[in-house]
Amino acid sequence: MSERASVQADEADADEDEAEQAPVTTGAQSVVRALENAGAEYVFGVQGGAIMPVYDALYDSEIDHVTMAHEQGASHAADAFGIVSGEPGVCFATSGPGATNLVTGLADANMDSDPMIALTGQVPTDFVGNDAFQETDTVGITQPVTKHSYFADDADTVGTEVGEAWALANEGRQGPTLVDLPKDITKGETEIEPAPPKKPDTYDVPEEADDENVQEAADALAAAQRPVVLAGGGVIKADAADALRDFAFEYEIPVITTMPGIGSFPEDHELSLEWAGMHGTGYANMAITNTDCMLAIGTRFDDRLTGGIDSFAPDADIVHVDIDPAEISKNVHADYPLIGDARATLRQLYDAMPSAPDTDEWREQCQEWKAEYPMDYETPDDEPLKPQYVVERFSELTPDDTIVCTGVGQHQMWASQFWEFTEPRTWVSSHGLGTMGYGAPAAIGAKLAAPDQEVVCFDGDGSFLMTVQELSVAVRENLDITYVVLNNEAVGMVRQWQDAFHEGRRMASEYPWIPEFDKLAEAFGARGFRLEEYDDVEETIQAAREYDGPSVVDAIIDPAENVYPMVPSGGDNGLFALNERHLEQL
């Protein structure tokens, strides 16, 4: 039972006639009404003085509130809720430190184009600019990391602004928005019902791409001898995974994903080359290096994907599909720019293809690369537990629609490499910003967005420590989440780079002082497990999954294990290292 439901359980005998919404009388009630009109189900937040009127209005709402342990946790939970549900997640915070604690989550959602709306309390308008208690320029701080930040200045219009912020977060290229709510505005009187969510009139979102451009792109794809599809996170945001699969299956073109695009194409299909980039598969990176025509959909071509721009797909014509014109030719020149919704544009391309390209030899070559550069690892009896094995066994023992959340670091790479993803919206991670600590609160948002799906959160010991307090929320809400700490007593990715590029000078990257996470879990009221031996892996996985509530598996892994393949930063994707020796030669 939610907090709101438990508080109001003794008031649940109201007559059906009273079920109609009460009239709006304050700005705070208008804010909550706007969220109700938008269909918000949950709010993740932390109470405080300046936001208190909005919380008071929320008391009478059917929206469920989830009190998080820290505002950053609220923003990550809302972010993950948006990723899994496809609708904006909502977070609340008070003014000053409450609002600034949301900034990391807003920046994370902005980098990954995740739909989210943040509502922050603010000091009364008469105090703004006077350095009042817990005052910060929230709009000024957050404007660079949101699609738009609003400052509410009228109780009559505040609800409509919240509705517009919701619509803006959800329309076109999704992303976070924020509405800053001065206390006198939310306490102020109004009788005006907020308008339904509506995007700003100045915000024009393209749907289909230009037909002539589509035809030219389709002709280029049909004539290609070595075509690939590169599916980015925009495929998932646009609910275009089915359109992608239809296109690839019909025209037999191999598919590569970016990390944010994981799940957009089934990795168990023969056309899948999985994901590319710094730690992507060798065969995906070889395909990118040798393709003569790339259909890139919903990707911003970030540096972790491309490596050196000059060596990225050097012989390829680039067909770039994106709903945001600003991304076209920003990093990689687009020979065929297609500005439009990913789903609609894929359907256009499907219909415009004059014929299927002749890909028999190319597909055979891709299969040869799969055989030459397999994603394998060794499990010597005289070495500690390998993290790849833990991830792989979890993948084998859980349903296909299990949602995988992660923090950031080596564990994130192992999870993305050795879990077999077949469905969209089952991979929840921090990509562009690379936020350590994302996993623990994100798993809460993901579980509430999809209560009937299993949620497994892989975290590292360093990343888990940053937001471990959110485990108390998972316990309080009795959320059936399995947390797996791949514990190597280090900030492993930093340690790996220090060994590779800084002569092994491990400054501030080793963590021999960390707690025993299984015991810490028990202190929070969760179930804790300690895993050290291969023989115990399956039994521990099943016991953690069967526990009805949050569980934490402290998996003690080989501290010397590193993430491979690896393309050095700014390097050539076709020149990847499979081990330390290879890396030294690059």
Side-chain angles (χ1 to χ4, degrees), residues 44-46 68-84 88-122 136-151 165-166 168-170 172-180 232-234 236-237 258-260 298-305 324 326-327 330-331 405-409 412 427-446 459 462-463 466-467 470 491 493:
F44 304 90
V46 178
M68 302 297 289
H70 190 279
E71 289 91 354
Q72 182 181 342
S75 64
H76 292 327
D79 178 283
F81 187 93
I83 293 172
V84 174
V90 185
C91 57
F92 281 6
T94 196
S95 63
T100 59
N101 282 341
L102 294 179
V103 172
T104 296
L106 289 166
D108 193 292
N110 193 56
M111 288 284 278
D112 288 350
S113 303
D114 298 334
M116 184 172 79
I117 176 172
L119 303 181
T120 53
Q122 183 56 276
T136 56
D137 180 5
T138 301
V139 170
I141 291 168
T142 61
Q143 192 73 65
V145 293
T146 58
K147 288 185 74 173
H148 189 62
S149 290
Y150 299 76
F151 183 85
W166 173 286
L168 185 60
N170 210 27
R173 179 178 179 173
Q174 294 177 318
T177 57
L178 178 142
V179 185
D180 201 29
I236 296 172
K237 307 296 183 190
T258 66
M259 269 193 75
T299 176
R300 56 189 177 83
F301 291 111
D302 81 295
D303 60 295
R304 288 299 175 98
L305 167 69
D324 185 354
E327 291 300 336
K330 184 180 80 174
N331 293 327
C405 302
T406 76
V408 168
Q412 177 190 30
W427 168 248
V428 180
S429 194
S430 170
H431 302 104
L433 198 64
T435 306
M436 290 180 66
Y438 178 86
I444 292 169
D459 223 333
S463 188
M466 290 191 173
T467 51
E470 304 304 340
V491 186
M493 191 61 80

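Residue numbers run from 1 in the order of the sequence given.
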For T435, does its backbone N or O pair with a side-chain atom of S430 as donor and acceptor, under 3.5 Å?
-> yes

How far apart are the closest heavy atoms of A80 and A446, and which atoms are they?
-> CB-N, 4.0 Å

Do the side chains of F44 and F92 get nearer than 4.5 Å, heavy atoms only?
-> no

Which atom pair, heavy atoms only, marks the closest approach of T120 to L102?
-> CG2-CD1, 3.7 Å

Keeping the roles fixed (side chain from W427, backbone from M259), state whether a donor-acceptor pair exists under 3.5 Å.
-> yes

CG on D112 to OG on S429, rounded to 0.5 Å | 8.0 Å

With distance as the sole test, does S463 use its side chain to make a donor-acceptor pair with the main-chain N or O of D459 at under 3.5 Å?
-> no

Using modelled atom types only, decide if a donor and an acceptor are shared between the side chain of K147 and the backbone of L168 within a distance under 3.5 Å.
-> yes

What are the two closest non-hydrogen atoms of T177 and A165, and how far apart are they?
-> OG1-O, 2.9 Å

Nearest-0.5 Å distance, CD1 of residue I83 to CG of residue D79 = 4.5 Å

Roughly how far apart are N101 CG and C91 SG, rounded to 0.5 Å?
-> 11.5 Å

Closest non-hydrogen atoms of S149 and T142, given as atom of the first, atom of the second and distance, are OG-OG1, 2.8 Å

Within the side chain of N331, is there an N or O that forms a donor-acceptor pair under 3.5 Å with the backbone of R300?
-> yes

Which atom of H76 lies closest to which atom of G437, heavy atoms considered | CD2-O, 4.2 Å

Could you pull out the closest heavy-atom pair between Q72 and H70, with the gap in Å?
-> N-ND1, 2.9 Å

Contacts of type salt bridge (charged side-chain N to carboxylate O under 4.0 Å, His left out), residue D108, not counting sequence neighbours = none

Please confirm whether the backbone N or O of A69 pairs with a side-chain atom of E470, one donor and one acceptor, at under 3.5 Å?
-> yes

Residues T100 and T136: side-chain donor-acceptor under 3.5 angstrom | no

